[in-house]
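I have placed the structure first, in the form of structure tokens, so that the comments after it can refer back to it.
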Amino acid sequence: MPPKVIPIFAPQAAQTSGCGAKGGSGKSSCGSSAAPGDMSPEVWAKVKDHPCYSEQAHHHFARMHIAVAPACNIQCNYCNRKYDCANESRPGVVSEKLTPEMAAKKVLAVAAEIPQLSVVGIAGPGDALANPQKTFHTFNLIQQAAPDIKLCLSTNGLALPDHVQAIADLNVDHVTITINMLDPEVGELIYPWIFYNHKRWTGRDAAKILTERQMLGLEMLTAKGILVKVNSVMIPGVNDRHLAEVNKAVKSRGAFLHNIMPLISDPAHGTHYGLTGQRGPAPQELKALQDSCEGGMNLMRHCRQCRADAVGLLGEDRGAEFTSDKIAAMDIAYDPKPRQAYRSYVERERRDQEAARASELAAMAGQAGGDKVLVAVTTKGGSRINEHFGHASEFQIYELSGAGAKFVGHRKVEHYCQGGWGEEEILEDVTAAIKDCAAVFVSRIGLCPRKDLAAAGIEAVDAYAHEYIESSLIAWFRQRLEKDQPVAATAA
Ligand code: CLF
Ligand code: SF4
């Protein structure tokens, strides 16, 4: 059992949740809490502190996006780039455009305040490589100003083959390409036009050029040893049945990770899909597709479909603390020591966490049958159960089985606790969001919500407050087995 310790670097509570694609969004997936034993030391060194490329790292490390790339060279039916909409929490929406110089200063300001910061990404609000001068000038400035911070970029891939060498020269180890189709018949339903070779292309011709450029760019990057994550937006009735084929194609070309995200479609966003009633997938539909694509390739399930100017741990957005006027007033100096100290702390935590998980798994060996059960967890980071039920703005969902605890996704909710009192209607929505879970693990919960959850068949568990998530879940599952209380196979 791990010690009951509250992390000294306690991240703030998650609040909201771009990789260029605005549509979307134990041994789990990088999916897998991919650990050193799962990959070469070189690859592990590249992913261990990257919150998107390692599910394990996302509990500990923060990213920030700098909105220096306003233009785009294609149009996706799920995107409407607009500015100054701070209430939005989806990619492509930003509060402020930045010049490269302002962006570099912002990176230093955030790094000085948030020791968890490990990665700076350019993910819009347009396409990073449709704005190559701004993107590469910004990366140059950051590399000179803060050399310990990793660089990351996201692109639709159309211009990618022209810039692979520049990406390699800047030591950018992580590139995301949004690939939603291989078949131009599917593509013409997603992309009304592209702008390529000084000309606007439409229909299947546009989709054919785009898919050829994406595949070429992917092959060129992987040939240089650059890790590539592929984002795909799941659009029911358009490309949902096609994405398994996309998965195979990108896997065979060496992509490291596949992130299948749900379409975000709301008429208020003013996108083509939003205005024409195209629906997004249900969580169960998304999970079923992700499950079907698992095998031989890491699947990302912890994407929060960030804004193009997001700051903080995945799932939180501290961008409002770092607006241009606030940064102008800050006295900023580069100091990597707090980040080095934080990384050493995380290394120790990871070792303790892995030992606790292995110990609980060993204790369960031979007891579990084939049943699987879903559970929900409230956390504000550090891989620990350290959030009050009423303060949770999302639940992390794990699937428990004889193989251990596997992270399979997250569900966003409104805070149940409204400043000292609970809102009954919100509790109903929260309960509905986790209705397929057998238990919810919290650091604290009141009597009323506990009773209501029990009435819905969900056990509220606070016995593991502030302990590691995975070992706690396995211990709970094992005790259920020992008490000979078979759990219902509720996992989809
Ligand atoms: Fe940003 Fe994307 Fe780099 Fe991460 S986000 S550019 S790889 S540093 Fe991450 Fe955000 Fe999902 Fe993107 S959670 S939208 S996958
Ligand atoms: Fe929007 Fe361009 Fe990104 Fe498509 S590629 S989501 S149009 S910014």
Side-chain angles (χ1 to χ4, degrees), residues 14 16-25 30-31 46-47 49-55 57-58 61-67 69-82 89-94 117-131 135 139 149-160 172-180 190-195 206 210 214 227-233 256-264 269-273 298-317 410:
T16 64
S17 104
C19 267
K22 284 54 178 182
S25 128
C30 216
K46 286 182 184 175
V47 305
D49 301 343
H50 195 305
C52 304
Y53 282 68
S54 160
E55 191 272 312
H58 104 279
F61 290 98
R63 52 74 182 105
M64 69 177 287
H65 289 159
I66 38 178
C72 192
N73 46 6
I74 71 174
Q75 179 62 53
C76 306
N77 278 331
Y78 46 71
C79 177
N80 174 20
R81 294 183 300 285
K82 57 182 180 180
S89 61
R90 65 197 167 89
V93 182
V94 296
L117 182 71
S118 61
V119 181
V120 174
I122 297 182
D127 185 79
L129 297 180
N131 304 261
T135 291
F139 276 163
I149 293 178
K150 282 185 197 300
L151 305 175
C152 192
L153 75 80
S154 171
T155 176
N156 59 46
L158 182 61
L160 179 58
V172 177
D173 285 333
H174 305 83
V175 173
T176 295
I177 316 173
T178 299
I179 302 178
N180 297 317
I190 304 171
Y191 305 103
W193 56 261
I194 68 167
F195 194 80
L210 181 60
Q214 290 173 332
L227 295 184
V228 180
K229 171 165 72 63
V230 170
N231 281 359
S232 299
V233 180
F256 177 75
L257 187 60
H258 194 187
N259 175 24
I260 302 176
M261 311 181 291
L263 172 74
I264 296 174
H269 295 159
T271 63
H272 173 78
Y273 283 151
N298 294 316
L299 255 287
M300 180 178 187
R301 299 184 193 246
H302 61 282
C303 177
R304 302 303 201 278
Q305 294 174 280
C306 321
R307 289 166 54 115
D309 60 359
V311 174
L313 293 173
L314 302 192
E316 73 175 1
D317 192 354
H410 64 277

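Just so you know, ligand 1 is whichever comes first in the structure, and atom 1 is the first atom listed for that ligand.
When the options Glu316, Met64, Arg63 are evaluated for a side-chain contact (heavy atoms from CB on, under 4.5 Å) with Cys306, the one that passes is Arg63. Just one residue in the list Asp173, Val172, Ile122, Val175 forms a side-chain contact (heavy atoms from CB on, under 4.5 Å) with Leu151, and that residue is Val172.
Here the side chains of Tyr191 and Asn156 are not in contact, with every heavy-atom distance at 4.5 Å or above. At least one side-chain heavy atom of Tyr53 sits less than 4.5 Å from a side-chain heavy atom of Thr176.
Heavy-atom separations between Pro125 and ligand 2 include at least one value shorter than 4.0 Å. Within the structure, ligand 1 lacks His174 among the residues with a heavy atom less than 4.0 angstrom away. At a 4.0 Å cut-off, at least one heavy atom of Tyr78 sits close enough to ligand 2 to count as contact.
At a cut-off of 2.8 Å, Cys76 is counted among the residues with an N, O or S atom near atom 4 (Fe) of ligand 2. Because the distance cut-off is set at 2.8 Å, Cys52 qualifies as a neighbour of atom 9 (Fe) of ligand 1 through one of its N, O or S atoms.
At distances below 3.5 Å, not a single donor-acceptor pair connects side-chain atoms of Asp309 with backbone N or O atoms of Ala67. Side-chain atoms of His58 do not come within 3.5 Å of backbone N or O of Leu313 as any donor-acceptor pair. At least one donor-acceptor pair under 3.5 Å links the side chain of His302 to the backbone N or O of Pro51. Although no hydrogens or angles enter the test, the distance criterion places a donor-acceptor pair under 3.5 Å between the side chain of Asn180 and the main chain of Val233. Formation of a donor-acceptor pair under 3.5 Å by the Ser118 side chain with backbone atoms of His50 is not found in this model.
Atoms of ligand 1 lying under 4.0 Å from any heavy atom of Cys152, numbered from 1 in the order shown and given with element: 3 (Fe), 6 (S), 7 (S), 8 (S). Those atoms of ligand 2 that come under 4.0 Å of a heavy atom in Gly126, given as number and element, are 8 (S). For ligand 1, the atoms sitting less than 4.0 Å from at least one non-hydrogen atom of Arg304 are 11 (Fe), 13 (S), numbered in the order shown with element in parentheses. Atom numbering of ligand 1 starts at 1 in the shown order; those under 4.0 Å from a heavy atom of Lys229 are 7 (S), 15 (S). Residue-ligand proximity, Ile74 to ligand 2, at heavy-atom distances under 4.0 Å covers atoms 2 (Fe), 5 (S), 7 (S). In the vicinity of Asn156, heavy-atom distances shorter than 4.0 Å reach the ligand 2 atoms 5 (S). Interface of Cys72 with ligand 2, defined as ligand atoms under 4.0 Å from a residue heavy atom, comprises 2 (Fe), 5 (S), 7 (S), 8 (S). Every atom of ligand 1 with a heavy atom of Leu314 under 4.0 Å away is listed here by number and element: 13 (S). For ligand 1, the atoms closer than 4.0 angstrom to any heavy atom of Cys303 are 11 (Fe), 13 (S), 14 (S), 15 (S).
Between Arg307 and Asp317 a salt bridge is recorded (basic side-chain N to carboxylate O distance below 4.0 Å).
When non-hydrogen atoms are compared, ligand 1 lies under 4.0 Å from the side chain of Met300 (C-beta onward) but not from its backbone. With a 4.0 Å cut-off on non-hydrogen atoms, His50 touches ligand 1 through its side chain and not its backbone.
When all heavy atoms are compared, the tightest approach of Ala71 to Ala130 is O-CB, 3.8 Å.
In this structure, of Met64, His58, His65, the residue bringing a heavy atom nearest to atom 1 (Fe) of ligand 1 is His65.
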